[in-house]
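So the structure is just underneath, and the comments pick up after that.
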There are 4 protein chains.
Amino acid sequence: MRETGCIHNNRPGVMSTQPRQRRHRDESQRHLVDATISAIYKHGFHEATAQRIAEEAGLSAGNIHYHFGSKEELFAAAMRQLMSDISDTLVYELGKADTPLARAHAIIHANLSEPLYTHRNCFVWLQFWSETARSEELARLERINAQRFHRNLLDALSKLLDRPDAEKIVQELVAMVDGLWIRKAQHNEAVTPEAARAIVFAYLERRLGPAAGQGS
Amino acid sequence: MRETGCIHNNRPGVMSTQPRQRRHRDESQRHLVDATISAIYKHGFHEATAQRIAEEAGLSAGNIHYHFGSKEELFAAAMRQLMSDISDTLVYELGKADTPLARAHAIIHANLSEPLYTHRNCFVWLQFWSETARSEELARLERINAQRFHRNLLDALSKLLDRPDAEKIVQELVAMVDGLWIRKAQHNEAVTPEAARAIVFAYLERRLGPAAGQGS
Amino acid sequence: MRETGCIHNNRPGVMSTQPRQRRHRDESQRHLVDATISAIYKHGFHEATAQRIAEEAGLSAGNIHYHFGSKEELFAAAMRQLMSDISDTLVYELGKADTPLARAHAIIHANLSEPLYTHRNCFVWLQFWSETARSEELARLERINAQRFHRNLLDALSKLLDRPDAEKIVQELVAMVDGLWIRKAQHNEAVTPEAARAIVFAYLERRLGPAAGQGS
Amino acid sequence: MRETGCIHNNRPGVMSTQPRQRRHRDESQRHLVDATISAIYKHGFHEATAQRIAEEAGLSAGNIHYHFGSKEELFAAAMRQLMSDISDTLVYELGKADTPLARAHAIIHANLSEPLYTHRNCFVWLQFWSETARSEELARLERINAQRFHRNLLDALSKLLDRPDAEKIVQELVAMVDGLWIRKAQHNEAVTPEAARAIVFAYLERRLGPAAGQGS
DNA sequence: AATGAATGAGAATTCATTCAT
DNA sequence: AATGAATGAATTCTCATTCAT
């Protein structure tokens, strides 16, 4: 069926001497992915048409299919980009944390501070959330992301509490953070990153207080 | 332009003496609204086409415009329907509660029990959430619903705590409930109504514990 | 996926009192089928775009998908139409023939006289021939048509000759008729119906001569 | 406009002293022509896209325009290639024939034996047949080929019969051979080269028998 | 009140072609 | 000589909407 020119972006690890065209290709692909996120933010998922995305990227619509094979693939690439951003931020924040509690704090902090906890990011993520019903690939990515968040928190908290308690707290925290992302997506001005963090941290302290107190 | 057909459903208070056609009309409209929710649940918001909705309702596509003027209006009617369901359930649950704490419990219980806390309901609601960006009317309805939830909880809790504390707890609760709705929408089997309520009630007790304990 | 309005033309046998809309539908469908054949004749198979076909039919392009679900289905319907024309002509000609030889003559005559043996018909048929490679459905129809032609001729000739001889003659006749259709499709003026029939009849007489002579 | 690259393949008579690049060029062109035929055989005329042809040739799509100026020109080159194959085979077979009858046999034999009478060849040729409607150049080539076949046969047979008879027989033979090519293209397994030749030779003998007998 | 044939704007996608490298 | 990124026109198809019946 489809046999377009370039589809896979099999970029090698380091290639300083890569030819000019290769650089062009990677740049265009990155532009398209960024433009996709912008277009979703500006217009919502379904108004983010190929035309608009391409325009936003300063390219013509044909490139979407040249580089990604289909619009669907481009959306998946955009979601992966967001996940990669989340991951980078998380790794950075975790790098500064050296105790289990600090790690739990870091994870929550990363998810409720800029650059992740912005209207743009929460809004676009909500759009993807609602599209996981249609796209198995998007659903798969969402699951990966959710599991990573869950596992990271659990790793940290299970050093402070016994497993069932930790599990329970994690569920509460995840629910709160998800809820705060939705709220940000919907009513940006209603909740600042500081307020969001204050809510969750206050909760966490109260929640850990007695339990953690016993642990110390 | 032309303004044939019925568009506003100005149903009169008294229903018994309405003519035959009026009954037909109301019935078709209800069918269409129900069919809209079903179609969104089956196919997602954007795959819920006029054709499919009409088919689900056992009518033809033309009726949507005859009865609602536009697909957009029908979606708004469907969202109002969901809100009305929520309201009915809430009123019923609140009717059984006679203390502030019981009222807070009732509100949360209503939002995290059947018939509201079902996959269908949470899923459809998530779809609407993501569409508020496109439609000012849907956004308005969402705001009304959010405010009602917030106000109800605040009314109850402000009888138990001072205002700033109550405000804070309400925000935490709202975030948790929203997060649990999303989770239900996304991974139905991952959270039962009982588990969801357990999470929030445990949190609420712990949160109120010292404060409420002092109050009692 | 697809769930367009009307797709099957389940017209009942006789329905004199059919509603106006039903008549409209059938008429539009017939127009579209005719327009398809015209467009193929005018522009060739692949230049017969939905746009052009609809224009030829005096309708808008959306109707193709409303009535037939896809362009591919419309093409199949057009091929069935051609086959039905062939069948009608054949039945009519066979109705006048009462001996096996007359039946054989009738079959060939039908295939090499107007209205079947026209530039338009041969040309369009050649277009379909070359498309059977792409479309399993068109291939199926072509097979049905080829088999019908083969069987009819064989039925007639096997009354005059023993089976192997009849089989052989039929193959020769089929090859000649197909070849004459191609020639007509390609160089209309190079061969008149009369000339085509003369070629095949002369061949048939010479071929049957001795064998049939023995039979008489 | 611009007229870069090589478009005409004005290959000189002497080849031995051509520079390296010239050899590269000729090789690429031959690859492309072969790839075109392969692609048509694999996918049909209209699915034989520039992309696919280039891929089949182990080159990139740009080369088609560099070497041939347009896809249309490449198709014409491919058709010329097929005609050249036919011509080569015919010349070879005619070289072994020394009587008029032998020459007639040789012509038919060449057209109904490998390597010409293969599924691939007949199929691709049918594809070109159906495209002559669109392309004046392809039509011109087809005419040349048809006339050559006709003339060759007529030259041979007019030595055995008077002109009108010869003319008639040639038309019958051409029709049969064309018909047998179509049959091969459509239902490869339905007719072997031997069977095809048997049909036409049996016909020719019977046809020439009395006439040739009278003539001798 | 309801139907369903028809429309037309806009969606994704395909593909020959161009051209800088 | 060859590449492959980019283009833009054309194509099929979708769908809310209109409107005669």
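Small disclaimer: the values here were computed from a predicted structure and weren't measured. A, B, ... follow the sequence lines: proteins, then strands. Residue 1 opens every chain.
- Atom-to-atom, CD of C:Glu27 to C1' of E:dG4 comes out at 16 Å; the value is rounded to the nearest Å.
- Rounded to whole Å, atom P of F:dA6 lies 10 Å from atom CG of A:Asp26.
- Whole-Å rounding puts the D:His46 NE2 to F:dT12 C1' distance at 16 Å.
- Across residues 48-58 of chain A, A:Thr49, A:Ala50 each have a non-hydrogen atom less than 4.0 Å from an atom of DNA chain E (numbered order).
- Close to F:dG4, at under 4.0 Å from its OP1 or OP2, lies no side-chain N or O of A:His67.
- A:Leu59 comes within contact range of the sugar-phosphate backbone alone, with a heavy-atom separation under 4.0 Å but no base atom that close.
- In this structure, CG of D:Leu74 is placed 10 Å from P of E:dT17, rounded to the nearest angstrom.
- Distance CD1 (B:Ile64) to C1' (F:dC15): 11 Å, rounded to an integer number of Å.
- With pairs defined as Watson-Crick or G-U wobble and both atom distances under 3.5 Å, the stems of at least three pairs that touch DNA chain E come out as E:2-21 with F:2-21.
- Aromatic rings of D:Phe45 and D:Phe75 (six-membered ring for Trp) have centroids within the 6.0 Å cut-off, being under it.
- As rounded to whole Å, 16 Å separates atom C1' of F:dA16 from atom CZ of B:Phe68.
- Rounded to an integer number of Å, the gap from B:His43 NE2 to F:dC15 C1' is 15 Å.
- Take C:Glu27 and apply the salt bridge (Lys or Arg N to Asp or Glu O under 4.0 Å) test, not counting sequence neighbours, and it matches no residue.
- Counting only heavy atoms from C-beta on, B:Asn63 has its side chain closest to E:dA2 among F:dA1, E:dA2, F:dT3.
- The side chain of C:Arg25 lies closest to E:dA5, out of F:dA6, E:dA5, F:dA2.
- For F:dT17, one of the phosphate oxygens OP1 or OP2 lies less than 4.0 angstrom from a side-chain nitrogen or oxygen of B:His65.
- Residues that satisfy the side-chain hydrogen bond (donor to acceptor under 3.5 Å, both in side chains) test with D:Ser70, not counting sequence neighbours, are absent from this structure.
- Taking the salt bridge (Lys or Arg N to Asp or Glu O under 4.0 Å) definition, one finds that D:Glu142 meets it with nothing, sequence neighbours left out.
- When rounded to the nearest whole Å, the span between CD of A:Glu47 and P of E:dA12 equals 10 Å.
- Listed candidates were E:dA6, F:dA6, E:dA11. Nearest to the side chain of A:Lys71 is E:dA11.
- For B:Glu73, there are no side-chain hydrogen bond (donor to acceptor under 3.5 Å, both in side chains) partners, not counting sequence neighbours.
- If you find the closest nucleotide of DNA chain F to B:Ser70 and to C:Glu72, the one lying nearer the 5' end belongs to C:Glu72.
- When the nearest nucleotides of DNA chain E are assigned to C:Ser60 and B:Ser60 by heavy-atom distance, the more 5′-ward of the two goes with B:Ser60.
- Using a 30° and 60° split on the angle between ring planes, D:His46 and C:His46 fall in the parallel class, below 30°.
- Side-chain atoms of D:Ile40 and D:Glu47, non-hydrogen and from C-beta on, never get closer than 4.5 Å to each other.
- Comparing E:dT3, F:dA6, E:dT17 by their closest approach to the side chain of A:Ser28 singles out F:dA6.
- If B:Gly62 and D:Gly62 are placed on DNA chain E by their nearest nucleotide, the residue sitting closer to the 5' end is B:Gly62.
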Using atom types as modelled, flag every donor-acceptor pair under 3.5 Å from a side chain in residues 55-62 of chain C to any protein atom, sequence neighbours excluded.
| from | atom 1 | to | atom 2 | distance (Å) |
| --- | --- | --- | --- | --- |
| C:Glu56 | OE1 | C:Lys42 | NZ | 3.3 |
| C:Glu56 | OE2 | C:Lys42 | NZ | 3.4 |
| C:Ser60 | OG | C:Asn63 | OD1 | 3.2 |

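- Take D:Ser135 and apply the side-chain hydrogen bond (donor to acceptor under 3.5 Å, both in side chains) test, not counting sequence neighbours, and it matches D:Glu72.
- Residues passing the side-chain hydrogen bond (donor to acceptor under 3.5 Å, both in side chains) test with D:Arg134, sequence neighbours excluded: D:Glu131.
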